[in-house]
Amino acid sequence: MSQNEVVEPIIGLIGGSGLYDIDGLEEKEWRTVETPWGLPSDQLLFGRLDGVRCVFLPRHGRGHPIPPSRLNYRANIAALKMSGVTDIVSLSAVGSLKEELPPGHFVIVDQFIDRTIWREKSFFDTGCVAHISMADPLCARIGDVLEEQGRGLGLDVTRGGTYLVMEGPQFSTRAESNLYRSWGCSVIGMTNMPEASLAREAEICYATVAMVTDYDCWHEDHDNVTVESVVKTMQGNSAKAKALVKAVIPALGQPRGLCSAGCDRALEYALITAPDA
Ligand code: ADE
């Protein structure tokens, strides 16, 4: 990659619970993409929005048949990479761990704590070893665009916050919820790791819009989280999420240079296996 390279971005969208389509997408086509790591959660939806090429993946598959622990995260990211995706916006329903982040709020997170235990977490697990930096796990350049467009639409947006990724599928105990609060976490969900770290290994810029659906189970004045409460709030959030996506794609899709946050060069200093090994 040369310093003067002009990138024509292709925007990848990973939709969580309740988000299975992109409004206004033209030249739509669902296509099967097979990867060396198997099949992704579903076919990918290819299309254009305001002329910008986009690829949409429903994270859990259409109709939500795949639980968080059984997602083939490697195939999902590999399928987007093989489709030419340069920038991913991940949309995810989350619980809130802070009073000031009520249901309906969008958080552009900037850190993760990964408590998952069962998942294939790397493309570099045999033959070739790489240790990428995850100090800043999300793309600040995409984060800037999400923040600007979100505020422009009048959405309740918070920039920054730590997303605790739990294994699930059960929700947390109250003791766990309070423990994560004591760690300073902002939101809790089940899917963004290893999605984000695999995107980094694949040198794809990746940012998350965490859409708050509930107060998990720590809040004394609110009911404990249930699927019913998540789905109900997501129905309200999804119109806002669709408006945000519609605004963000044209802004992200303009030709640009290399990513100012460096995500697209993540492997430059990460490979440790000798080239002739
Ligand atoms: N997704 C939405 N709400 C959640 C919660 N409270 N915990 C984990 N994942 C969630």
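Position 1 is the first residue of the sequence, and the numbers go up from there. Note that ligands are numbered from 1 as they come in the structure, with each ligand's atoms numbered from 1 the same way. Bear in mind the structure is a predicted one, so any value in this text is a computation, not a measurement.
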- request: Considering only Ile, Leu, Val, Met, Phe, Trp and Tyr, and joining two whenever side-chain heavy atoms are under 4.5 Å apart, list the other residues clustered with Val129.
  value: Ile272
task: Below 4.0 Å from any atom of ligand 1, which residues have a heavy atom? Give them in chain and number order, please.
output: Ala93, Val94, Gly95, Met166, Phe171, Ile188, Gly189, Met190, Thr213, Asp214, Asp216, Val225, Val230
statement: Residues passing the side chain to side chain donor-acceptor pair (under 3.5 Å) test with Thr86, sequence neighbours excluded, are none
- request: Please list, chain by chain and in numerical order, all residues satisfying side chain to side chain donor-acceptor pair (under 3.5 Å) with Arg74, sequence neighbours excluded.
  value: Asp125
query: Counting N and O atoms only, with roles assigned by atom type, does the side chain of Arg119 sit under 3.5 Å from a partner on the main chain of Tyr73, one being a donor and the other an acceptor?
result: no
task: Any chance you could lay out the side-chain contact (heavy atoms from CB on, under 4.5 Å) test for Leu179 and Arg181, step after step, and finish with the verdict?
output: CA-CA 5 Å; Leu179 176 67; Arg181 274 168 54 71; over 6 Å; no
message: Please report whether the ring centroid of Trp37 lies less than 6.0 Å from that of Phe123.
response: yes
